[in-house]
> 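After the structure tokens below, expect a handful of questions from me.
Predicted model, so just to flag it, every value in this text is computed and none were measured. Side chains included, hydrogens not; waters and symmetry mates left out as well; all remaining heavy atoms used.
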Amino acid sequence: MAVAWLADFAAERLVRRKKLRSAATVWSSLEKRCRRPFRITLIIVAILIALPYAGQGGTLVLVGRHVLVLALIAAVLWLLIQLSGVFEDITVARFDIGISDNRRARKIRTQVVLLRRITIATLVVVAVATAFITIPSARSVGASFLVSAGVLSVVVGLAAQTTLGNLLAGLQILLTDPIRIDDVVVVNGEWGRIDEITLTYVVVRTWDNRRLILPISWFTTNVFQNWTRHEARVIGSIVLHVDFSVPVEELRAEMYRFVRESPLWDGQDWVLQVVDTTPSTMVVRGLVSSADAPSNWDLCCEVRENLLMFVQARYPDALPKVRADVVESARPLHFPSTDRARGFGRDDRSTAEQELGQ
């Protein structure tokens with residue numbers, strides 16, 4: 001145990017020295033994730049190596065040795081899981097998704113996250129099977145657990161078709177790459193970003209910070225929109241309903257002036273067109289592009305607000321209005337002779353004519 005502590009102390013000093021001299025993420029991640037499982041693994045290995053030299057042992061020593069073997073399997077499993085986390089940290093640090101053109105970074109990060117989850121599941125299965133093999137009475141169970149994985153998968157598949165379907169859908173998404181972390185998507189009419197991808201479900205963060213939890217198989221069996229499938233750049237639309245008298249050319253010039261001065265515009269696409277008409281208005285649509293979806297959302301809101309203020313200030317009569325024809329003259333009223341029988345006298349009829357005439 002003393003040798004194990006010295007080896008752990010030397011390894012920890014080495015990692016800390018590397019961490020101070022280098023800005024690489026690997027050293028800080030190793031210190032953060034692997035310090036405890038590495039120390040426990042070294043201690044268990046040291047005890048197992050020294051145990052045969054402790055003299056003749058009885059049943060208690062054999063039981064203790066077997067417990068240490070099981071603890072060593074658990075410690076090695078813990079260490080390997082933490083090492084997979086170190087690999088994920090290195091990938092996350094190398095491929096930053098905070099930049100504008102982050103398509104490749106989002107793709108690699110999504111693949112690394114899914115691969116790590118698959119690796120952890122595989123390591124747990126192997127560790128459990130290895131633990132069974134170390135028990136003489138259950139050795140056949142452990143061997144069968146590894147050899148007959150195909151039969152077990154069929155049995156489990158019949159009992160949990162939905163879960164296995166989600167697992168297969170996760171592998172399909174890993175290979176075909178239809179969605180990535182931080183992708184901008186529209187699912188069931190909700191606009192949001194892919195916040196998390198697991199082997200069984202996907203978390204979509206909406207624009208108002210709600211979380212939509214969807215089975216991962218939903219993305220392989222339903223239609224959805226992915227705005228950043230090939231690039232992070234996004235084109236947004238602004239729709240206005242204005243009167244037919246609005247000068248479209250001046251409105252177009254005002255929009256170009258505004259987007260040209262806006263830092264949210266990427267300097268590539270913009271257009272303003274009359275795309276439709278209604279019985280009382282014409283529909284004007286503007287398109288603007290930005291480097292990413294949040295910038296484009298803000299730019300569309302600012303352009304819409306600026307165009308409305310421009311119309312209000314320069315052409316207030318061009319705002320949408322309801323037209324109606326006013327009849328200036330009306331035919332004289334005629335009361336039939338039956339009015340007297342209904343209780344209308346001459347004085348009453350003349351008073352009604354005067355009121356209606358006014």
> Considering non-hydrogen atoms only, spot the tightest contact between Thr198 and Ile216 and give its length.
O-CD1, 3.2 Å
> For Arg13, is the CZ atom crowded, meaning more than 12 foreign heavy atoms sit under 6.0 Å from it?
no
> Please examine the side chains of Val246 and Met282, heavy atoms only from C-beta on, and report whether any two atoms are closer than 4.5 Å.
yes
> Using modelled atom types only, decide if a donor and an acceptor are shared between the side chain of Asn296 and the backbone of Gly236 within a distance under 3.5 Å.
yes
> Is it true that atom CD of Glu196 has more than 12 heavy atoms of other residues, nucleotides or ligands lying nearer than 6.0 Å?
yes
> Are more than 12 heavy atoms from other residues, nucleotides or ligands located less than 6.0 Å from atom CZ of Arg17?
no
> Salt-bridge test for Glu31 and Arg36: reply yes if a basic N is under 4.0 Å from a carboxylate O, no otherwise.
no
> Can a donor-acceptor pair be found, under 3.5 Å and without considering hydrogens, that links the side chain of Thr220 to the backbone of Ser217?
yes
> Decide if atom CZ of Phe87 counts as having more than 12 heavy atoms of other residues, nucleotides or ligands within a radius under 6.0 Å.
no
> Check whether any side-chain N or O of Asp269 sits under 3.5 Å from a backbone N or O of Leu287 as a donor-acceptor pair, and report yes or no.
no
> Taking Thr281 for the side chain and Thr277 for the main chain, is one N or O donor matched with an acceptor at less than 3.5 Å?
no
> Is there a path of hydrophobic side-chain contacts, each under 4.5 Å between heavy atoms, that joins Trp265 and Val271?
no
> Closer than 3.5 angstrom, by distance alone: can the side chain of Thr122 be matched with the main-chain N or O of Ile118 as a donor-acceptor pair?
yes
> I'd like to check Phe38 versus Asp8 (side-chain heavy atoms, cut-off strictly below 4.5 Å). Are they in contact?
yes
> Between atom CH2 of Trp27 and atom NZ of Lys19, what is the distance when rounded to the nearest 0.5 Å?
12.5 Å
> Using a 3.5 Å distance criterion without hydrogens, assess whether the side chain of Ser290 forms a donor-acceptor pair with backbone atoms of Val234.
no
> Do Glu190 and Arg210 meet the salt-bridge criterion of a basic N to acidic O distance under 4.0 Å?
yes
> Considering only heavy atoms from C-beta outward, does the side chain of Val185 approach that of Arg193 to under 4.5 Å?
no
> Donor-acceptor pair, distance only, cut-off 3.5 Å: does the side chain of Ser262 make one with the backbone of Phe258?
no
> Is Trp5 linked to Leu72 within one hydrophobic cluster, defined over Ile, Leu, Val, Met, Phe, Trp and Tyr using a side-chain heavy-atom separation of less than 4.5 Å?
yes
> Any pair with a residue in residues 69-87 that passes side-chain hydrogen bond (donor to acceptor under 3.5 Å, both in side chains), sequence neighbours left out, goes on the list, sorted by first then second residue, please.
Ser84-Arg116
> If you measure from CG on Leu115 to OG1 on Thr119, what distance do you get to the nearest 0.5 Å?
6.0 Å
> Side chains of Val202 and Ile179, heavy atoms from C-beta outward: is any pair under 4.5 Å?
yes
> Atom OG in Ser28, atom CZ in Arg16: separation rounded to 0.5 Å?
13.0 Å
> How far apart are the C-alpha atoms of Arg117 and Val112, what are their side-chain angles, what is the distance that settles it, and do they pass the side chain to side chain contact (heavy atoms under 4.5 Å, CB included) test?
CA-CA 9 Å; Arg117 297 181 188 277; Val112 168; over 6 Å; no
> For Ile197 versus Ile181, what's the shortest heavy-atom pair and its separation?
CD1-N, 4.0 Å
> Got more than 12 heavy atoms from elsewhere within 6.0 Å of CH2, Trp191?
yes
> So, taking the atom named CG in Leu272 and the one named CZ in Arg285, what distance separates them when rounded to the nearest 0.5 Å?
10.0 Å
> Does one side chain, of Ser289 or Asp266, offer a donor that lies under 3.5 Å from an acceptor on the other?
yes
> Quick one: do Leu83 and Cys34 satisfy side chain to side chain contact (heavy atoms under 4.5 Å, CB included)? Show the steps, please.
CA-CA 7 Å; Leu83 286 174; Cys34 300; 3.7 Å; yes
> Return the minimal non-hydrogen interatomic distance between Arg211 and Val203, and the atom names on each side.
CD-CG1, 3.9 Å
> Which pair of non-hydrogen atoms, one from Val204 and one from Phe219, has the smallest distance, and what is that distance?
CG2-CZ, 4.2 Å
> In terms of side-chain geometry, is the basic nitrogen of Arg33 or Asp89 positioned less than 4.0 Å from the acidic oxygen of its partner?
yes
> Between Leu251 and Leu308, is there shared hydrophobic-cluster membership here, with clusters defined by ILVMFWY side-chain heavy atoms closer than 4.5 Å?
yes
> Can you tell if the side chain of Asn226 reaches within under 4.5 Å of the side chain of Pro178, non-hydrogen atoms only?
no
> Quick one: pull up CG in Leu212 and CZ in Arg205 and give me the separation to the nearest 0.5 Å.
11.5 Å
> To the closest 0.5 Å, what do you measure between NE2 (His241) and CG (Asp276)?
8.5 Å
> What heavy-atom pair brings Leu48 and Leu68 nearest, and what distance separates the two atoms?
CD2-CB, 3.6 Å
> Quick one, Glu305 with Phe310, criterion side chain to side chain contact (heavy atoms under 4.5 Å, CB included). Give me CA distance, side-chain angles, the key distance, then yes/no.
CA-CA 9 Å; Glu305 181 180 350; Phe310 175 77; over 6 Å; no
> If every non-hydrogen atom of Arg314 is compared with every non-hydrogen atom of Glu250, which pair is closest and at what distance?
NH2-OE1, 4.0 Å
> May I ask whether Val3 and Met1 are part of the same hydrophobic cluster, defined by side-chain heavy atoms of I, L, V, M, F, W, Y residues being less than 4.5 angstrom apart, directly or through others?
no
> Using 30° and 60° as the class boundaries, would you call the ring planes of Phe224 and Trp218 parallel, tilted or perpendicular?
tilted
> Tell me whether Leu299 is reachable from Met309 by hopping between hydrophobic residues (I, L, V, M, F, W, Y) whose side-chain heavy atoms are closer than 4.5 Å.
no
> Is there a side-chain contact between Val288 and Met255, using heavy atoms and a 4.5 Å cut-off?
yes
> Salt bridge between Glu12 and Arg39, side-chain N to carboxylate O under 4.0 Å?
yes
